[in-house]
Every structure is written in structure tokens, then in C-alpha cells.
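Accompanying notes for the structure given below.
Counting starts at 1 for both ligands and their atoms, following the listed order. As a basis for the values below, the full set of heavy atoms in this structure was taken, side chains included, without hydrogen atoms, waters or symmetry mates. Being a predicted model, the structure only gives us computed values, none of them experimental.
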Amino acid sequence: MKVGVVGLGWAGQQHIDAYREIDGVELIGIAGLEDEVRAELVAEHSVPNDFARWEDLLELEGLEAVSIAVPTFLHAPIAVAALERGLHVLSEKPIALNGEQAGAMVSAARSAGRVLDVAFNHRRRGDVQRLRQEIDAGRLGRTYYAKAWWLRRTGIPKAGSWFTRSELAGGGPLVDIGVHVLDYALFLLGNPGVRTVSASTYDLLGTNGFGTSETSNKTSAGDGVERFDVEDLATVFMRLDDGGTLLLEASWAAHRADGDQFGATLYGTEGGAEWYVDDYIDVGSLKLFGDHEGTATAESIEAEPGGKHLAVVQEFVDTVRSGDWQGHDGAGAAQLARIVDACYESARERREVTLDAASILNAS
Ligand SMILES: NC(=O)c1ccc[n+]([C@@H]2O[C@H](COP(=O)([O-])OP(=O)(O)OC[C@H]3O[C@@H](n4cnc5c(N)ncnc54)[C@H](O)[C@@H]3O)[C@@H](O)[C@H]2O)c1
């Protein structure tokens with residue numbers, strides 16, 4: 001299988017590393033604007049073709065599939081062009097700037113009859129998969145409430161980068177890390193539909209220069225214009241189709257413990273669970289709570305490391321090779337984009353927003 005990667009920042013390099021690990025996959029081209037980074041990657045991985053512009057990579061003879069790991073505003077144009085050329089596409093998250101663009105990508109995948117997958121690597125973590133197994137085994141009974149979050153004290157990607165501009169990124173932490181949280185939380189809850197959202201977003205710290213991550217390793221240089229017109233914190237209360245609720249938080253900047261943490265708490269009729277990951281540790285802390293004849297029980301659960309981009313890329317390659325592409329049209333990721341749109345609308349208008357039932361039915 002001959003593949004290419006567009007975008008050579010942290011995310012693009014995860015895709016490159018993963019493709020290099022999979023037997024029978026040949027990385028025949030890369031594209032990215034940074035000449036030096038391109039030259040280093042070409043030398044390191046013996047890539048036969050490299051381009052500054054993504055348009056040139058898509059023309060490459062024999063190319064069958066492409067990973068898209070560029071600033072979010074470019075996901076839809078590149079994906080649609082690639083699908084129309086008959087390529088299979090693995091896009092980085094979030095799928096696109098908004099639900100409308102995501103819908104265009106899904107339509108392009110369906111018309112072309114090609115795979116469109118989106119890199120939600122966190123749900124493939126070993127600890128998340130293990131928790132889902134415990135839930136499937138009935139340890140929590142019927143889950144009806146979850147809190148899920150990804151919170152950083154000072155984690156705003158470098159000032160001046162595309163990340164802090166709404167027209168290039170689609171928003172701040174809600175669409176950046178919150179979309180991972182939404183994905184893994186709904187996965188853990190058994191993929192219920194989201195019926196309504198009530199969100200608030202804040203930009204009180206980022207706009208005042210607090211919260212920039214000095215360690216941020218964005219490959220694209222900022223253009224020197226320090227602009228911050230996205231939120232730095234979002235909180236959302238969601239009502240789910242199955243009667244349950246989900247409370248989601250995402251921050252790039254907040255006066256809280258230092259570092260970067262994500263996780264989830266779930267409550268069910270038979271038990272509860274807490275999963276917590278500190279500073280990207282490979283296996284987070286996972287605990288199940290219950291009741292034994294009136295006495296509280298608490299059990300720590302071991303999990304294997306796993307997930308990361310290799311799992312996502314491997315699944316994409318396996319899907320393409322299998323020829324069974326049913327359900328791999330990006331519709332699930334597009335539905336997450338519509339939910340995020342509804343959250344921003346709710347925050348802007350300071351009211352609860354109901355998701356349109358047709359869009360829920362169209363998601364797979
Ligand atoms: N799944 C994850 O865990 C994860 C983690 C980080 C980033 N991401 C996502 O990956 C994407 C990229 O993020 P990043 O942090 O790697 O960004 P980055 O800014 O570090 O890198 C972006 C890359 O895109 C390239 N690019 C920009 N315009 C281009 C063009 N016209 N033609 C060709 N290349 C172009 C840049 O040259 C650069 O190599 C984003 O959508 C982000 O949300 C996902």
C-alpha cells in the first residue's frame with residue numbers, strides 16, 4: 001500500500017512513524033512547508049518524494065492513501081481533493097473547522113467509495129479500552145452520568161500560531177482537546193446520541209497573555225501576529241438520548257494544578273469508575289467502585305499501554321486492505337463536529353441548543 005503524509009508537525013510525524021512500522025506499507029511522499037524538516041524526514045525515512053505543497057503530493061503516481069495532519073482549516077479542502085482523486089484518507093482530528101465542512105468530507109467519501117477515517121487515538125488507549133471492557137461486562141450496570149475533562153494550566157499552543165485563531169482552528173480547547181474527550185466519553189458510555197448541549201466558553205486568561213505553553217512544539221512558525229480569538233476554557237452540560245448526562249470540560253489555561261491531565265468519572269446503577277491520566281503517562285490510574293453487601297468496594301484495574309497513533313494508522317491500513325469500508329466514511333467524526341458547533345452556538349447565545357435529529361440519524 002503506497003501512502004503519503006501531508007503536514008510534518010508533531011501529528012504528521014506520528015503518522016510517518018506509524019506507517020514505517022507496518023509491513024507492506026510504503027511511504028512514497030510527504031508534504032509540508034518547512035524545507036529543513038522535510039529534508040530531515042526524507043533522510044531519516046528514505047522517502048522518495050517530497051513537496052512543499054499538498055496539491056503536488058496528491059498528484060503522485062501510484063499514491064493510494066494519504067494522512068492529513070495540517071492546520072484544521074486545511075483538512076476539508078485536502079480531504080475532498082484526495083477523495084475525488086480516489087485516495088483513501090486518514091485525517092487528523094478535529095475532522096474539520098465545523099460540521100458543514102465535515103459533512104462535505106463525508107459526502108465526498110461516500111461518492112468516491114473510499115475510506116475516510118479520523119485520528120481519535122485516545123479512545124484506543126489501553127486504559128480506555130480496558131474500562132470499556134469492564135463496562136461491557138456489566139461492572140457499572142447502566143451508566144447514566146459521566147464527567148470527562150482535559151485540563152491544562154498553561155497549555156495554549158504558541159501565541160501567533162494557527163491554533164489560537166478561530167478561522168484557522170475552528171475554536172480553542174473545546175475543538176482541539178475537548179473533541180478527544182467527547183469522543184472517548186461517548187465511546188465509554190456506549191455511543192448514545194447527544195440530544196442537547198448547554199455550554200459556556202471563556203477567554204479571560206488567554207487574551208491577557210496568561211497560559212502560553214513554552215514547551216509547545218508546533219512546527220509551523222507563527223507569522224508574528226499575536227492573535228488570540230478563541231476560548232481558553234469551555235464547560236458543557238449534555239443531555240443524552242438514553243436519558244443520561246455528560247459534563248465535559250476542556251482548558252488550555254486555568255489557575256489550577258500545573259501540568260496536563262485528562263480523564264473521566266462514570267456513574268452507573270451497579271458501580272462507578274474513575275480514570276485519570278497525568279501528563280500523558282502511558283497507562284493512567286483506573287479504579288472501579290461498587291458495593292458488596294452494604295460495604296463500599298474500590299478496585300484498581302491494571303491496563304496495558306496502547307493506543308496512540310500506531311493503533312489508529314494500523315486500523316486505517318487494515319480497513320483499506322480489507323475492502324470492507326462500511327462505516328468508514330467519517331460520519332461519526334462529523335457528528336462530533338456538529339455537537340461542537342452546537343456547543344459554540346450555545347455559548348454564544350447563552351442558551352441550551354437541541355441537536356437536530358436528522359443529523360443524529362445520519363451519523364454511524
Ligand atoms: N490526534 C492527536 O493527538 C493530535 C495531536 C496534535 C495535533 N493534532 C492535529 O493535527 C493537526 C496538525 O497539528 P500539529 O500540532 O502537527 O501542527 P503544526 O503546526 O505543528 O504542523 C502543521 C504542518 O502542516 C503543514 N502545512 C501547513 N500548510 C500547508 C500546506 N498548504 N501544504 C502543505 N503542508 C502545510 C506545515 O508546514 C506543518 O508541517 C491539527 O489538526 C491538530 O488538531 C492531533
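- The aromatic rings of Trp275 and Tyr184 stand perpendicular to each other, their planes meeting at an angle above 60°, with 30° marking the opposite boundary.
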Run the ring pair (Phe, Tyr, Trp, His ring centres under 6.0 Å) check on Trp10 and His309 step by step: do they pass?
-> CA-CA 11 Å; Trp10 184 86; His309 277 78; 5.7 Å; yes
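- With no hydrogens or angles considered, no side-chain donor-acceptor pair links Glu249 and Thr235 at under 3.5 Å.
- Taking 4.5 Å as the limit, every side-chain heavy atom of Val89 sits out of range of all side-chain heavy atoms of Arg114.
- Proximity to Glu34 (heavy-atom distance under 4.0 Å) selects the following atoms of ligand 1: 36 (C), 37 (O), 38 (C), 39 (O).
- Nearest to atom 42 (C) of ligand 1 by heavy atom, out of Glu92, Gln14, Lys93, is Lys93.
- The atoms of ligand 1 that sit less than 4.0 Å from any heavy atom of Leu74 are 28 (N), 29 (C), 31 (N).
- Within ligand 1, counting atoms from 1 as listed, the ones closer than 4.0 Å to a heavy atom of Leu8 are 23 (C), 38 (C), 39 (O).
- Here the two rings, on Phe316 and His328, have centers that are 6.0 Å apart or farther.
- Counting heavy atoms closer than 4.0 Å to ligand 1, residue Val37 contributes nothing at all.
- For the pair Arg132 and Phe187, the cation sits on the ring face: its NZ or CZ lies under 6.0 Å from the ring centre, inside 45° of the axis.
- Considering backbone and side-chain N/O of Phe163, none are found under 3.5 Å from N/O of ligand 1.
- At least one heavy atom of His180 lies less than 4.0 angstrom from ligand 1.
- Proximity of Ala119 to ligand 1, defined as any heavy-atom pair under 4.0 Å, is confined to the backbone N, CA, C and O atoms.
- Around atom 24 (O) of ligand 1, the closest heavy atom drawn from Pro71, Ala31, Gly9, Gly12 belongs to Pro71.
- Relative ring orientation between Phe262 and His122 is described as perpendicular, the plane-to-plane angle rising above 60° on a 0-90° scale split at 30° and 60°.
- Closest non-hydrogen pair, Val317 versus Val25, comes out as CG1-CG2, 3.9 Å.
- Among the atoms of Leu33, some N or O lies under 3.5 angstrom from an N or O of ligand 1.
- Atom numbering of ligand 1 starts at 1 in the shown order; those under 4.0 Å from a heavy atom of Thr72 are 41 (O).
- Ala169 does not count as a contact of ligand 1, since none of its heavy atoms falls under 4.0 Å from the ligand.
- For the residue pair Tyr19/Glu26, the side-chain donor-acceptor check at 3.5 Å is not satisfied.
- Against a heavy-atom cut-off of under 4.0 Å, Pro94 is close to the following atoms of ligand 1: 43 (O).
- Residue Ala11 has at least one heavy-atom neighbour below 4.0 Å for each of these atoms of ligand 1: 7 (C), 8 (N), 10 (O), 16 (O).
- For Glu55, the closest heavy-atom approach to ligand 1 does not fall below 4.0 Å.
- Under a hydrophobic-cluster definition in which Ile, Leu, Val, Met, Phe, Trp and Tyr are linked whenever side-chain heavy atoms come within less than 4.5 Å, directly or via other members, Leu151 and Tyr202 are assigned to different clusters.
- Contacts between Ala52 and ligand 1 below 4.0 angstrom, taking non-hydrogen atoms only, involve the backbone exclusively.
- Residue Trp162 touches ligand 1 through its side chain alone, judged by heavy-atom distances below 4.0 Å.
- Hydrophobic clustering of Ile, Leu, Val, Met, Phe, Trp and Tyr side chains at less than 4.5 Å, counting indirect connections, unites Leu60 with Leu74.
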